[in-house]
Amino acid sequence: MKSRHVVLARRPDGAPVPEDFRLETRELPALPEGRVLVQVLYATANPGSRNRLGGGGASYARGMELGETMEGPAVGRVIESRNSAFKVGELLSGPFGWAEHVQISGRGMRRIPADTPSISAWAGILSIPGLTGYFGLRDVGLAKAGDTVLISSAAGPVGATAGQIARIMGCRAIGIASGAEKLKWLREDAGFDAVIDRAGANSVEAMAERIGKVAASGVDMYFDNVGGVTLDAAIACMKPKGRIVVSGQIADYNAEPSGRYGTRRVYEFIGKRLRMEGLVVFDYAQRYDEATDAMVGWIRDGRLKFREHIVEGLDALPALFCAQLRGEVFGRPLARLA
Ligand SMILES: NC(=O)c1ccc[n+]([C@@H]2O[C@H](COP(=O)([O-])OP(=O)(O)OC[C@H]3O[C@@H](n4cnc5c(N)ncnc54)[C@H](OP(=O)(O)O)[C@@H]3O)[C@@H](O)[C@H]2O)c1
């Protein structure tokens with residue numbers, strides 16, 4: 001049988017464009033013993049995938065080869081099985097990438113329960129972004145009731161999950177995002193206590209002033225999804241002994257190493273005794289079920305909301321990924337393939 005894939009055609013020069021990717025049709029061999037054939041239902045990409053494409057960026061994960069199928073979490077259905085652990089018809093969540101069909105061994109796959117509140121959420125809030133929010137907030141950020149928690153890109157899937165879990169844990173959640181629609185959703189649907197518009201706050205001083213207005217006594221924990229001047233502004237607003245979770249640095253993803261902003265406020269770490277720690281969600285793989293069980297419960301009882309931005313077809317993925325990195329997507333970007 002034939003399967004269509006989107007592959008990396010060339011290394012992006014700065015911000016990726018759809019022409020950096022190419023559609024290919026491949027002939028799949030007869031299914032080998034021990035493998036399952038999965039039809040992908042929803043495919044997506046994480047902004048951090050930019051770092052694996054070369055031409056700028058740097059990642060904790062392996063760089064992608066030219067001609068390789070673009071990576072990304074996905075949801076699919078088993079349509080043929082030569083592995084006794086998997087039955088035809090079962091729904092799986094896994095890193096299937098931008099492909100219509102994949103042959104996999106089943107290792108590292110997660111089964112989607114038949115009674116799930118949402119199938120597509122297993123490529124979104126119940127997969128990498130939601131897990132990043134959950135473990136970043138709790139295990140790296142050590143959130144506790146009463147904390148003031150500041151979150152950048154708060155309307156994105158990672159940030160929105162982290163902020164709502166912070167609220168569930170009894171923290172005060174402050175979200176930074178851009179645009180009236182996102183800010184309204186954060187306040188009225190996701191229940192953030194306060195929101196800050198990023199638009200127009202292009203300097204450390206301007207952003208610090210906005211943070212100071214809604215967190216006059218300071219920030220206990222900053223969940224950083226973006227880096228750049230927002231990070232330095234947050235550092236300026238931290239309370240003594242504050243904690244910073246480094247989840248992502250999207251403001252620097254398209255920059256060459258010499259052009260990255262990084263942070264210019266390290267000196268404040270001394271006087272304020274701050275702590276800053278990086279997060280790699282895969283470190284928590286043994287505990288994914290704990291997080292998804294908790295999040296499914298919160299989705300069911302209405303305390304955890306999520307948004308999706310769904311487009312149709314594999315061909316739409318390159319433009320969707322590029323739009324996500326430009327900040328033009330509100331919600332988890334997903335392509336429905338079947
Ligand atoms: N460490 C890990 O294990 C791990 C795992 C998954 C994801 N992540 C990281 O978590 C972060 C959030 O991921 P996500 O999937 O939820 O995506 P996301 O937050 O929706 O990312 C896109 C958003 O980033 C914001 N943004 C874009 N350019 C920006 C800039 N120059 N300065 C400030 N903000 C900018 C925009 O939101 P606004 O315009 O509303 O600000 C944009 O809509 C990403 O950095 C990602 O790489 C980390």
Side-chain angles (χ1 to χ4, degrees), residues 14-16 44-53 57-61 71-73 95 123-137 139-141 150-164 175-186 190 192 195-204 206-207 210 223-234 244-255 259-261 276-285 288 291 306-309 320-334:
T44 181
N46 296 314
S49 299
R50 168 66 186 91
N51 293 321
R52 296 186 56 192
L53 308 183
S59 180
Y60 48 85
E71 58 118 20
I125 190 171
L126 299 176
S127 78
I128 299 302
L131 297 166
T132 303
Y134 180 96
F135 291 111
L137 187 86
D139 287 74
V140 183
L150 176 70
I151 299 161
S152 52
S153 195
V158 172
T161 309
Q164 291 176 88
I176 303 172
S178 67
E181 192 191 3
K182 286 181 180 176
L183 296 172
K184 182 170 184 286
W185 182 82
L186 284 171
F192 277 60
V195 293
I196 296 168
D197 194 353
R198 173 171 77 87
N202 300 322
S203 67
V204 174
M207 179 55 83
R210 291 185 191 185
F223 193 112
D224 186 21
N225 286 312
V226 305
V229 294
T230 312
L231 170 58
D232 273 354
I244 298 171
V245 178
V246 189
S247 160
Q249 297 281 288
I250 201 165
D252 274 344
Y253 283 173
N254 289 324
R260 287 185 201 138
Y261 179 89
M276 184 166 176
E277 187 174 334
L279 155 73
V280 174
V281 68
F282 306 127
D283 292 349
Y284 299 90
Y288 282 177
F306 61 97
R307 278 193 54 124
E308 295 173 331
H309 175 108
L320 182 66
F321 176 58
C322 299
Q324 174 191 35
L325 286 167
R326 288 194 303 270
E328 293 167 6
V329 170
F330 178 14
R332 177 63 162 169
L334 295 169

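First listed ligand is number 1; within each ligand, the first listed atom is number 1.
- Val245 is not listed as a side-chain neighbour of Leu137, based on a closest heavy-atom distance of 4.5 Å or more.
- Counting heavy atoms from C-beta outward, Ile125 and Pro157 have side chains that stay 4.5 Å or more apart.
- Among all non-hydrogen protein atoms, the one lying nearest atom 16 (O) of ligand 1 is Val158 N, 2.9 Å.
- Of all the heavy atoms of Ser178, the ones lying under 4.0 Å from any atom of ligand 1 are found in both the backbone and the side chain.
- Although no hydrogens or angles enter the test, the distance criterion places a donor-acceptor pair under 3.5 Å between the side chain of Thr44 and the main chain of Pro333.
- Under 4.0 Å from ligand 1, the heavy atoms of Ile128 that appear belong solely to its side chain.
- Counting the atoms of ligand 1 from 1 in the order shown, those under 4.0 Å from a heavy atom of Gly48 are 47 (O).
- For Arg307 and Phe330, the positive end sits near the middle of the six-membered ring, less than 6.0 Å away and at most 45° from its axis.
- Less than 4.0 angstrom separates some heavy atom of Ala177 from each of these atoms of ligand 1: 40 (O), 41 (O).
- Note on ligand 1: Pro129 sits outside its first shell, no heavy atom being nearer than 4.0 Å.
- Annotation: side chain of Asn46 is in contact with side chain of Pro73 (closest heavy-atom distance under 4.5 Å).
- At the shortest separation from atom 28 (N) of ligand 1 among protein heavy atoms lies Ile250 CG2, 3.8 Å.
- A heavy-atom distance below 4.5 Å is found between the side chains of Pro47 and Gln324.
- Checking only distances, Gly159 never comes within under 3.5 Å of ligand 1, N or O to N or O.
- For ligand 1, the atoms sitting less than 4.0 Å from at least one non-hydrogen atom of Gly327 are 42 (C), 43 (O), numbered in the order shown with element in parentheses.
- A side-chain donor-acceptor contact under 3.5 Å links Asn225 to the backbone of Ser152.
- Every atom of ligand 1 is numbered from 1 in the order shown, and the set under 4.0 Å from a heavy atom of Gln324 is 22 (C).
- For atom 41 (O) of ligand 1, the closest non-hydrogen atom of the protein is Arg198 NE, 2.8 Å.
- When heavy-atom distances to ligand 1 are checked against a 4.0 Å cut-off, Phe282 has no atom that comes that close, whether in backbone or side chain.
- The shell of residues lying under 4.0 angstrom from ligand 1, judged by heavy atoms, includes Val280.
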For a side-chain contact (heavy atoms from CB on, under 4.5 Å) check, start with the C-alpha distance between Met207 and Ile176, then their side-chain angles and the critical distance, and finish with the verdict.
CA-CA 10 Å; Met207 179 55 83; Ile176 303 172; 3.9 Å; yes
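- With distances taken over non-hydrogen atoms, the option nearest atom 17 (O) of ligand 1 out of Gly227, Gly156, Pro47 is Pro47.
- Atoms of ligand 1 lying under 4.0 Å from at least one heavy atom of Gly248, given by number and element, are 9 (C), 45 (O).
- The nearest protein atom to atom 47 (O) of ligand 1, hydrogens excluded, is given as Tyr253 OH, 2.6 Å; this is a heavy-atom distance.
- Taking atom 4 (C) of ligand 1 as the reference point, the nearest protein heavy-atom neighbour is Thr132 CG2, 3.6 Å.
- Remark: minimum distance from atom 24 (O) of ligand 1 to any protein heavy atom is reached at Ser153 OG, 3.2 Å.
- With sequence neighbours excluded, no residue forms a salt bridge (charged side-chain N to carboxylate O under 4.0 Å, His left out) with Glu308.
- Of the heavy atoms in Lys182, only side-chain atoms (C-beta onward) come closer than 4.0 Å to ligand 1.
- Which of Thr161, Asn202, Asn225, Leu279 comes nearest to atom 12 (C) of ligand 1 through a heavy atom is settled by distance: it is Asn225.
- Residue contact check: Ala251 has heavy atoms under 4.0 Å from atoms 30 (C), 31 (N), 32 (N) of ligand 1.
- For the pair Phe282 and Tyr288, the minimum side-chain heavy-atom distance is below 4.5 Å.
- Residue-level proximity to ligand 1 for Val281 is carried by backbone and side chain together, each with a heavy atom below 4.0 angstrom.
- The nearest protein atom to atom 48 (C) of ligand 1, hydrogens excluded, is given as Ser247 O, 3.0 Å; this is a heavy-atom distance.
- Residue contacts with ligand 1 leave out Ala155, since none of its heavy atoms falls under 4.0 Å from the ligand.
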